[in-house]
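First the structure, in the form of structure tokens, and then the observations on it.
Here the structure is a predicted model, which means the values were calculated and not measured. Chain letters run A, B, ... following the sequence lines, proteins first, then strands; residues in each count from 1.
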Amino acid sequence: MKWLLRAFEGAGYTAFLLGRAARFWFRKPRMAATAKLMYDSGLKSLPVVAIVAFFSGMILCLQTGLAVARYGETEVLGLVVAQTFAREFGPFMTCIILVGTVVSAYAAEIGTMTVSEETDALRVMSIDPVGYLAAPRVLSLTVMALLLTLCADLVGMLGGSVVASAQLGLPYGIFWDRALESLEGGEWFGLPRDLYGGLLKAALMGYVIAGIGCAQGLRAGGGALGVGRCVRRAVISSIVMILVISYNFSWLIYRAFGDS
Amino acid sequence: MIRLDRVSKSFGERHVLRDCSVEVAKGETLVVIGSSGTGKSTLLRTIIGLETPDDGQVLVDGQDVHELSEKGLRAMRARMGYLFQSGALINWLTVGENVALPLREGGRAPADEIARRAERALDMVGLAGTKDLMPGQLSGGMRKRAGLARSIVTEPEIILYDEPTTGLDPVTAHIIDRLIVDMKAKLGVTSVVVSHDMEGVYRVADRVAMLYDGRVIATGTPSEFRDAADPIVRQFVHGALEGPLGRENRP
């Protein structure tokens, strides 16, 4: 029962931190720190996101293509790859990568500061660690998750189109026509629902997982061992939350408010 | 100025402070001594509101620190400085930025004045010319002095020192002790110092309090402590092997 209580306590603190961090964005925005974090943590993840997305697009297209080629339906590959990436795979894959590259680093950085009394030093100076440390990190990952997902979607489709053309004999033009056609419908601010749904989902995931990393770091205790423990908890909780958000957001956008 | 009234604090099953009471007068330097794990750091942390007591009151100028609103606690902390054991410098900021941090975040002064005051604080602790160094480039003693510069840059009325000389060589420890005395002489601050180092205690203390088993068991002047009759105080002050302290650790 103790672990359950601790889990609820942790979830409560994370929710509190996320609300408080968002308040600090407006009350005391730290744009320079946020921009630096966006570069340091987000943009530096771009190569790995691009590589994983490109190969994932290739694999998805090859496996699906080999199956549908038997029925002479390779033209659907553009639709399959575009829909899969825009709706689910882009945000999911990007955020899973961000958990490994960024969230774990947030938990380790802040956790180390906590066990070495640096966060206490901030409190003593009347500097709220949530405003000073967490708010810029949460904002930067929210924005970068969205931007990196957009890149992942495009690069994934590019990978798919290369395989469709080189291995399955589907011309680039047809692949991209089908891909873009499939994304039409349900426009909001000029963006098709499949695209903005995926991007908003990525932003929400980025917001939550950044909050988890920071909250775990701020609750770390017990020296180096405690820092390791907080990083592990941050990674596990973030992956679980990505799955929970992924399903629920899809349900919300396509079932509750959509027509699919 | 500071009064702890029957303060108790536990962490799980471990009772760290038990009905602990002690007072510090304005302008006084009180040194709290005691074996490791007797709650000295917890006592300091309750004074500045980093730990909330389970029972009892912590009063600063008659105001209960733990009854204050968030704004009230911020105002109270603005009157205090706290020197952490490790210095607790923010590792991605330069020494100068670390020292200027409380002024910059407080938003109370223009940038040139902040820079001037930070340099003056560094000068006071003997670290002039180090403002562009990173904390990783400093020795242990320099980190503590930089931490002290950050604590005094806001010109606080109260400074709390958590084991300021632990782990330092005797000369550096003496320099830090001299700084504590200077802070009192130059700025007239009220100080609470947690320490194991008896030589340092005699150098800086106006009054000494000994914590044992979470309680203050004796208070007095340094000379009274030197000649104490109480077997626990006597053993601690003289570092004697025989006595009631540390029995549980002996073979």
Side-chain angles (χ1 to χ4, degrees), chain A residues 1-3 5-6 9 16-17 19-20 23-24 27-37 39-41 105-106 108-137 140 214 217-224 226-227, chain B residues 11-12 41-42 44-52 65 68 70-93 97-108 135-136 143-144 146-148 150-154 156 158-163:
Chain A
M1 283 312 278
K2 220 173 176 181
W3 67 269
L5 197 70
R6 218 176 41 224
E9 219 177 74
F16 160 80
L17 180 141
R20 199 169 170 84
R23 235 179 74 197
F24 271 103
R27 217 173 68 182
K28 195 166 186 177
R30 296 175 185 275
M31 295 322 291
T34 307
K36 190 173 180 307
L37 284 160
Y39 173 74
D40 278 348
S41 50
Y106 284 178
E109 283 167 17
I110 299 178
T112 306
M113 290 183 73
T114 303
V115 300
S116 59
E117 296 184 307
E118 288 172 43
T119 53
D120 282 340
L122 292 174
R123 286 189 186 96
V124 163
M125 290 184 273
S126 295
I127 302 169
D128 190 328
V130 173
Y132 189 74
L133 300 171
R137 281 169 172 76
S140 79
C214 296
L218 286 171
R219 284 163 55 84
V227 175
Chain B
F11 296 100
S41 296
T42 305
L44 279 195
R45 292 169 67 86
T46 56
I47 293 174
I48 205 156
L50 287 174
E51 300 289 352
T52 307
V65 173
L68 292 170
E70 200 179 322
K71 197 176 162 191
L73 186 61
R74 271 205 304 272
M76 179 69 76
R77 283 175 174 168
R79 298 172 53 201
M80 297 186 186
Y82 194 113
L83 176 61
F84 288 85
Q85 275 186 46
S86 60
L89 302 176
I90 308 299
N91 61 31
W92 67 76
L93 299 179
E97 287 168 340
N98 260 290
V99 175
L101 189 61
L103 294 175
R104 215 179 58 215
E105 290 295 319
R108 288 184 287 252
R143 276 165 182 256
K144 284 204 177 177
L148 182 56
R150 189 177 62 188
S151 308
I152 62 171
V153 75
T154 53
I158 300 165
I159 304 183
L160 310 175
Y161 301 87
D162 191 358
E163 301 196 16

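B:Ala88 and A:Ser116 make their closest contact through CB-O, 4.0 Å (heavy atoms, listed as atom of the first residue, atom of the second, distance). Pairing each heavy atom of B:Ser86 with each of A:Glu117, the nearest pair is OG-OE1, 4.3 Å. Heavy atoms only, all atoms of each residue included: B:Asn91 and A:Glu118 are closest at N-OE1, 3.6 Å.
For chain A, no part of B:Leu160 is nearby; none of its heavy atoms comes within less than 4.5 Å.
Remark: B:Glu105 CD to A:Lys28 NZ distance equals 4.0 Å, nearest 0.5 Å. Taking CD1 of B:Ile90 as the start and CG of A:Leu133 as the end, the distance is 7.0 Å to the nearest 0.5 Å. Note that OG of A:Ser126 and CD of B:Glu70 are 9.5 Å apart. Values are rounded to the nearest 0.5 Å.
Between the side chain of B:Arg77 and the backbone N or O of A:Arg123 there is at least one donor-acceptor pair closer than 3.5 Å.
Looking at A:Asp120 and B:Tyr82, their side chains never come closer than 4.5 Å, going by heavy atoms from C-beta outward.
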